[in-house]
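First comes the structure, then the notes that go with it.
Throughout, a chain's letter reflects where its sequence line sits, starting with A, and its residues are numbered from 1. Hydrogens, waters and symmetry mates play no part in the numbers below; they use all other heavy atoms, side chains included.
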Amino acid sequence: MNDSETCKFFDIETQRAMLALKIGIPGSGYDRYAAAMFLYACGELSHEMLEIYRRCCKFDFEDPHALARHEGLLVD
Amino acid sequence: MDQQFRNIEVPAEWDRKGLPGWCYHSPALLDLEKEALFKTHWQIACHVSDVPEVGSYHTFDLCGERGIILRDTYNAVRAFHNICRHRGSRVVADERGQCRNALVCPFHGWVYNLDGTLRGAAKPNSFPPLDKKEFGLKPLECEVWNGFVFVRFSDGPQPSVAKLMSPFSEEAAAYRMDKKIPVDQIWTEETPVNWKSVRDVDNEGYHVAMAHPALQDLYGSTYFDEPYVNGVSRSFAEFHRAGGRRWAVRNYTKFSKPQNDLPEHLHQAWVYYGIFPNAVIAMTPETAIFYQEFPISTNRTLLRSGTYRNHDEDRQQRAARYLANRIDRETVEEDIQLTIWSNESMEATSFEGFYLSDLEYGVRTHHDHLREVLPVYNVDVAPGEDKVEVLNKKLGQSAQ
């Protein structure tokens, strides 16, 4: 299975919802990162943002958007 | 139950010896046992109800191998080696848990879909394109039998679990074990003996009258063992209503009630299936239990057990299960002491080995199964540690 097959196989809306899981939910850090990996494979996310989600994944209370803003990857 | 192919008679003449003492404390033999017995024979990892929902997982470690049992997106139970294809880390570090989306390796962050395929490597742009199947989690051989999830780490001599357990298929199906749910998490305890000493004690009921007053009170007069034949054994006992002199037994026999699904001859039965080399599935009207033992070293063993109850249990059944558990807990503690006494004898120079009763024929047949896999068990005097493997190979070749 390659990246484009992955994108067809899974429900992209479900993964977008996973990416937006509420900060602090147990296990949500891994869920957001797993969703980010999917959306990266589908071309919906940059590798810089994927890396932000990776850095946050072990910390359910870490907001990836806050880290991205701190790193200058996102602006308010 | 179809027993036409199982000869369970104790022969008039048989060799009443056990295994030689050196077999219980030889590191070289233990290495062979890990490879030829534990990794190549079916092992119970958990029950389907231990992974109840999509994304539920349960891990299972054995002799240096690591497995993960997982409920995939289509609700199917799958098993994989719990080894990241990147650097070999555990993909799942906890004993059990739930993931909503995918498995994330805690080392570098490789991500795997619930069907085991690779969703993506961490920092994907640092790798060439990776095939999602080729770099997916390695599948682990897995079979579900009456709700119990069996895995096997390497090819081995046993047939499928269904075929192996076929002598008991009708009886086992009556218990609807696949519908049961866990009472608690899987229990483990280390004990300071060789794993075979645990099995030697469990493979005979000769000691019950002496060592297990509660079991004896419950069903001692009716208990009997069927030996290991083609890798499986069976023990059976029935309790009597309103019997028992001990508090737990007396009340258990009062509260235990016939289960609707069970045929009449099993209404008051406690049944045990031994599965070579190291496991038992036990059924009572209230529960299905598995227990097993794994070597940690020549003189340390991990005991592991899971208990499952009827999903629609009422208060009376719950009370009966509590009382059955009291009887079992007492029995386990008594057995642990017996295994220590049995095991320590194996290092005493004056001990000349077992001399078994007809009521311990199950011990002999288990040992015979062991000898078939590893002929070096037939050597009476301890070979040098550096010669065990070679000697085993030589004996295996000459037997062919």
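Few gaps surround CZ on B/Phe127; more than 12 heavy atoms of other groups in view lie less than 6.0 Å from it. Within a 6.0 Å sphere centred on CZ of B/Arg176, other residues, nucleotides and ligands contribute 12 heavy atoms or fewer. Heavy-atom contacts from other residues, nucleotides or ligands closer than 6.0 Å to NE2 of B/His108 number more than 12. Residue B/Asp155 places its CG atom among 12 or fewer non-hydrogen atoms of other residues, nucleotides or ligands, all under 6.0 Å distant. More than 12 heavy atoms of other shown residues, nucleotides or ligands fall within 6.0 angstrom of atom NZ in B/Lys39.
Distance alone, capped at 3.5 Å, is enough to place a donor-acceptor pair between the A/Lys58 side chain and the B/Pro106 backbone. Although no hydrogens or angles enter the test, the distance criterion places no donor-acceptor pair under 3.5 Å between the side chain of A/Arg54 and the main chain of B/Gly109.
Here A/His47 contributes atom NE2 and B/Lys123 contributes atom NZ; the two are 7.5 Å apart, rounded to the nearest 0.5 Å. Taking OG1 from A/Thr14 and CZ from B/Arg100, the interatomic distance works out to 13.5 Å, rounded to the nearest 0.5 Å. To the nearest 0.5 Å, atom CZ of residue B/Arg119 and atom OH of residue A/Tyr40 are 15.0 Å apart.
Considering A/Met37, A/Arg32, A/Met18 as possible partners of B/Asn101, the one that fulfils the side-chain contact (heavy atoms from CB on, under 4.5 Å) test is A/Met18.
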